[in-house]
Amino acid sequence: MSRRVLIMVLLLALPLFAARAQEFDPEHRYGLEAWVGLSPLQTLMEKYKEELPEGSEYHNRIAPAATVSFIFDLNDRWTLQGGLNLSRAKYDIIKPGEPGPSQGLASPTLTFLFNTRYNWLSKSHVRMYSGVGFGMTNKVMLAVFFPSPIPIITPIGINVGTNRIYLSAEATAGAGSTGAVAGLGIRF
């Protein structure tokens with residue numbers, strides 16, 4: 001019940017954000033960002049699919065992940081971001097009687113991301129922000145046919161550069177990465 005209420009509140013608030021966005025019409029309001037970071041939560045939680053012999057051990061390892069996203073500034077404080085994350089689980093398997101661990105890769109995971117950012121510092125060449133959001137992928141399911149949302153929490157992020165091209169870095173956890181990401185952004 002509470003999830004439905006939250007979705008309804010967000011849908012009802014959307015016209016207010018859109019009305020506010022009409023007042024704020026600067027140049028370089030839209031943008032693209034490309035990020036590279038550590039494995040996201042859904043990749044770190046992925047299980048090995050094949051049967052292992054008795055006494056075997058399986059460990060997920062941190063691997064790189066990439067994200068491409070589209071951003072839209074609602075105003076000078078709020079930004080919406082939607083994108084795609086591509087990651088792949090990396091693992092070690094230790095089987096009894098073998099001299100060392102074998103390494104492997106799982107199939108790639110594509111995750112759709114949506115989040116909002118609040119820019120609490122917005123100067124001409126520096127922006128600092130915090131954000132929340134969620135990601136959806138078919139590999140994490142609570143129900144049989146519906147993917148479960150995976151949270152995204154960004155306590156701090158920074159953009160440094162011009163109004164057009166900038167470098168980004170953030171500490172984040174969830175569907176985009178678990179740890180840190182860095183990237184390049186272009187506004188048009």
Side-chain angles (χ1 to χ4, degrees), residues 3 6 31-71 79-118 127-161 165-186:
R3 184 182 288 176
L6 177 63
L32 289 174
E33 292 181 350
W35 298 82
V36 185
L38 304 174
S39 297
L41 191 60
Q42 66 273 16
T43 303
L44 290 176
M45 293 177 62
E46 191 170 330
K47 300 291 183 203
Y48 189 67
K49 305 231 185 301
E50 297 176 20
E51 285 286 323
L52 292 173
E54 185 80 25
S56 298
E57 293 182 34
Y58 164 80
H59 303 284
N60 271 346
R61 297 178 58 203
I62 292 179
T67 301
V68 174
S69 59
F70 177 78
I71 60 166
T79 301
L80 297 178
Q81 180 180 10
L84 293 171
N85 176 279
L86 182 63
S87 61
R88 194 171 200 179
K90 192 174 187 179
Y91 51 83
D92 288 335
I93 297 175
I94 302 170
K95 294 180 182 176
E98 290 190 5
S102 61
Q103 295 181 352
L105 295 170
S107 61
T109 301
L110 186 65
T111 306
F112 296 93
L113 306 174
F114 176 77
N115 64 351
T116 59
R117 294 179 183 168
Y118 178 74
R127 273 189 184 185
M128 294 184 85
Y129 58 89
S130 297
V132 294
F134 65 92
M136 300 289 276
T137 183
N138 64 346
K139 288 198 175 181
V140 177
M141 293 190 180
L142 293 178
V144 177
F145 297 108
F146 187 73
S148 303
I150 306 158
I152 302 170
I153 300 170
T154 305
I156 188 165
I158 186 167
N159 296 338
V160 178
I165 298 175
Y166 55 92
L167 298 173
S168 294
E170 62 182 47
T172 188
S177 177
T178 51
V181 294
L184 177 68
I186 298 173

Could you measure the distance from the CH2 atom of Trp35 to the CG atom of Leu113? Nearest 0.5 Å is fine.
11.5 Å

Provide the closest heavy-atom pair for Ile94 versus Pro101 in the form atom of the first, atom of the second, distance.
CG1-CB, 3.7 Å

Tell me, with the steps shown, if Leu80 and Phe114 meet side chain to side chain contact (heavy atoms under 4.5 Å, CB included).
CA-CA 8 Å; Leu80 297 178; Phe114 176 77; 4.1 Å; yes

So, does Asn85 use its side chain to make a donor-acceptor pair with the main chain of Gly176 at under 3.5 Å?
yes

Taking Glu46's backbone N and O only, do any of them form a donor-acceptor pair with Asn60's side chain (distance below 3.5 Å, no angle check)?
yes

Under the salt bridge (charged side-chain N to carboxylate O under 4.0 Å, His left out) rule, collect the residues that match up with Arg88, sequence neighbours excluded.
none

Hydrogens and angles aside, do Thr109 and Gln42 bring a side-chain donor and acceptor to less than 3.5 Å of each other?
no

Quick one: are Leu184 and Leu167 in side-chain contact, heavy atoms under 4.5 Å?
yes

From CD1 (Ile71) to CG (Asn115), nearest 0.5 Å
10.5 Å

Nearest 0.5 angstrom please: Glu170 CD to Ile158 CD1, how far?
11.5 Å

For Phe134 and Ile150, what are the C-alpha separation, side-chain angles and deciding distance, and is it a side chain to side chain contact (heavy atoms under 4.5 Å, CB included)?
CA-CA 5 Å; Phe134 65 92; Ile150 306 158; over 6 Å; no

So does Ala89 get a backbone contact from the side chain of Thr43, meaning a donor-acceptor N/O pair under 3.5 Å?
no

With distance as the sole test, does Ser130 use its side chain to make a donor-acceptor pair with the main-chain N or O of Pro155 at under 3.5 Å?
yes

Examine distances only and state if a side-chain atom of Ser168 and a backbone atom of Ala182 form a donor-acceptor pair shorter than 3.5 Å.
no

Can you tell me how far the OG1 atom of Thr154 sits from the OH atom of Tyr129, to the nearest 0.5 Å?
6.5 Å

Quick one, Arg61 with Gln103, criterion side chain to side chain contact (heavy atoms under 4.5 Å, CB included). Give me CA distance, side-chain angles, the key distance, then yes/no.
CA-CA 10 Å; Arg61 297 178 58 203; Gln103 295 181 352; 2.7 Å; yes

To the nearest 0.5 Å, how far apart are CG in Leu84 and OG1 in Thr111?
9.0 Å

Minimal heavy-atom distance between Ser39 and Ala65, with the atoms involved, is CA-CB, 4.5 Å

Is there a side-chain contact between Thr137 and Leu110, using heavy atoms and a 4.5 Å cut-off?
no

Do the non-hydrogen side-chain atoms of Gln81 and Glu33 ever get within less than 4.5 Å of each other?
yes

